[in-house]
Amino acid sequence: MLIATWNVNSIRTRLDQVIKWMEEVKPDLLCLQETKVDDTLFPKEAIESKGFQVFFHGQKAYNGVALISPHELDDVRMGFIGELPSDTEAIRLGEQKRVISALLDGIRVVNVYVPNGSEVGSPKYIYKLEWLNCLNRYLEAPRKRDEPICLLGDFNIALEARDIHNPKRLTGGIMASEKERLGLKSVLGENMQDVFRVFENETNHWSWWDYRSGAWDRDSGWRIDHIYLCETLVMQARSCLIHKSIRGNQKPSDHAPVSVDINWPPSEDLDYVDGHY
DNA sequence: ATGCCGTATTACATACGA
């Protein structure tokens with residue numbers, strides 16, 4: 001089972017690259033962020049004509065998330081109020097289209113685009129912390145249903161120094177502040193693990209390179225696109241890859257795709273090594 | 001090194017991203 005995440009920074013601009021990547025890599029599910037288009041204008045037919053299912057939850061100009069799969073997806077849920085009681089907070093934080101989830105072969109895949117946060121202490125930063133708190137509440141529902149959870153997307157947070165090209169300069173700032181990190185850790189709890197770190201301990205693995213300042217040419221990036229797996233799934237993980245070469249495309253997104261290969265449904269023939277099969 | 005990039009918008013300059 002191959003599940004992937006990719007912040008495409010506009011689905012309409014990146015449509016050909018997305019279809020090409022689906023056909024070459026053949027993921028069972030691709031989760032997109034920053035589709036940047038209202039649902040009425042989403043390029044649904046172009047994707048369906050290639051033999052894929054597509055579900056989207058978007059808005060004009062900003063944000064927007066989508067799911068693309070060659071398989072049937074079950075129980076697709078859009079936004080926070082797909083899972084949360086429709087209280088004032090869930091409605092307010094659901095105005096920006098940043099969450100979509102579905103069941104894929106029994107796995108609850110939750111695709112998120114965490115707010116950017118602008119600047120530490122700014123109103124957008126407060127919003128980011130509130131949003132993470134709401135995500136935490138949101139995840140209680142699939143947990144209560146005992147669904148194995150795969151939480152993935154663009155988190156706009158680097159949890160550790162090794163996830164930043166220049167930790168001395170950037171730690172404490174936006175995407176690397178204590179409150180953001182605590183907010184995300186609280187969402188993850190004891191059970192969810194960053195599957196990339198199951199297989200790779202070194203720094204210099206990035207998923208986002210700023211368009212500005214020649215960040216790609218200097219390989220100055222951040223690892224802010226993550227795949228978190230519950231204990232049941234992480235035990236079956238075979239590999240987790242950052243598809244770095246995609247950032248070198250003509251007219252690239254500023255993010256590269258990240259994928260995880262999971263032995264799912266689990267087979268019995270794997271050796272248990274180092275905390276995973 | 002808060003930006004010189006890229007995307008979107010009742011666009012031809014501005015907001016936003018991270």
Side-chain angles (χ1 to χ4, degrees), chain A residues 5-18 31-43 46 56-66 93 95-99 111-132 135 152-184 203-226 242 244 246-258:
Chain A
T5 175
W6 190 5
N7 179 322
V8 289
N9 186 19
S10 166
I11 182 59
R12 288 177 293 180
T13 297
R14 232 63 68 191
L15 182 60
D16 292 349
Q17 289 182 52
V18 167
C31 300
L32 303 180
Q33 306 87 36
E34 281 210 270
T35 51
K36 289 186 163 179
V37 64
D38 186 81
D39 289 347
T40 57
L41 296 172
F42 192 98
F56 40 86
H57 182 53
Q59 66 187 86
K60 187 169 65 176
Y62 304 115
N63 311 316
V65 282
L93 293 168
E95 282 169 8
Q96 297 185 13
K97 309 307 185 195
R98 296 177 177 276
V99 191
N111 174 21
V112 298
Y113 174 48
V114 176
N116 159 295
S118 188
E119 205 179 308
V120 174
S122 69
K124 287 180 184 172
Y125 179 78
I126 306 297
Y127 184 91
K128 184 178 194 172
L129 299 177
E130 290 170 343
W131 196 92
L132 286 168
L135 178 62
L152 79 176
D154 176 1
F155 288 82
N156 275 319
I157 294 169
L159 275 179
E160 302 178 293
R162 61 182 168 167
D163 299 322
I164 314 174
H165 67 90
N166 188 345
K168 270 193 175 163
R169 185 168 65 86
L170 298 166
T171 297
I174 195 64
M175 300 196 292
S177 72
E178 194 64 21
K179 283 181 180 172
E180 290 167 81
R181 286 173 168 178
L182 286 173
L184 178 51
T203 186
N204 290 311
H205 295 276
W206 321 127
S207 67
W208 170 78
W209 297 257
D210 201 323
Y211 286 125
R212 295 167 289 193
S213 315
W216 170 249
D217 294 329
R218 293 183 293 112
D219 199 25
S220 296
W222 296 58
R223 196 176 68 85
I224 56 176
D225 301 88
H226 309 148
I242 299 174
K244 183 176 179 179
I246 295 301
R247 182 60 177 81
N249 282 356
Q250 293 290 318
K251 289 207 68 172
S253 167
D254 45 354
H255 297 251
V258 182

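Predicted model only: the values in this text are computed from it and were never measured. Values reported hereafter were calculated over all heavy atoms of this structure, with side chains retained and with hydrogens, waters and symmetry mates removed. Protein chains get the first letters and strands the later ones, always in sequence-line order, with residue 1 at the start of each.
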query: For the residue pair Phe42(A) and Phe56(A), does the interplanar ring angle fall in the parallel (under 30°), tilted (30 to 60°) or perpendicular (over 60°) class?
result: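 Phe42(A) vs Phe56(A) ring planes: parallel.
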
- line: B/S/- along nucleotides 8-17 of chain B (protein heavy atoms under 4.0 Å) is SSS-----SB

Using a 4.5 Å cut-off on heavy atoms from C-beta on, say whether the side chain of [Y] contacts that of [X].
X: Leu41(A); Y: Arg12(A); value: yes
X: Leu170(A); Y: His165(A); value: yes
X: Arg98(A); Y: Gln59(A); value: no

query: side-chain contact (heavy atoms from CB on, under 4.5 Å) with Glu95(A): which residues, sequence neighbours excluded?
result: none

Taking atom [atom1] in both [N] and [M], compute the distance separating them and give it to the nearest angstrom.
N: dA11(B); M: dG6(B); atom1: P; value: 23 Å
N: dT7(B); M: dA1(B); atom1: C1'; value: 22 Å
N: dT10(B); M: dC4(B); atom1: C1'; value: 30 Å
N: dT2(B); M: dA8(B); atom1: P; value: 27 Å
N: dA15(B); M: dG3(B); atom1: P; value: 15 Å

- prompt: Looking across every strand, which nucleic acid part, if any, lies under 4.0 Å from Trp208(A) by heavy atom: base, sugar-phosphate, or nothing?
  reply: sugar-phosphate

query: Rounded to the nearest Å, what distance is computed from the CD1 atom of residue Ile174(A) to the P atom of nucleotide dG3(B)?
result: 17 Å

field: Stepwise side-chain contact (heavy atoms from CB on, under 4.5 Å) test for Thr35(A) and Tyr113(A)
entry: CA-CA 10 Å; Thr35(A) 51; Tyr113(A) 174 48; over 6 Å; no

field: Arg218(A) or Val114(A), whichever maps to the more 5' nucleotide of DNA chain B
entry: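 Going by which nucleotide is closer to the 5' end, it is Arg218(A).
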
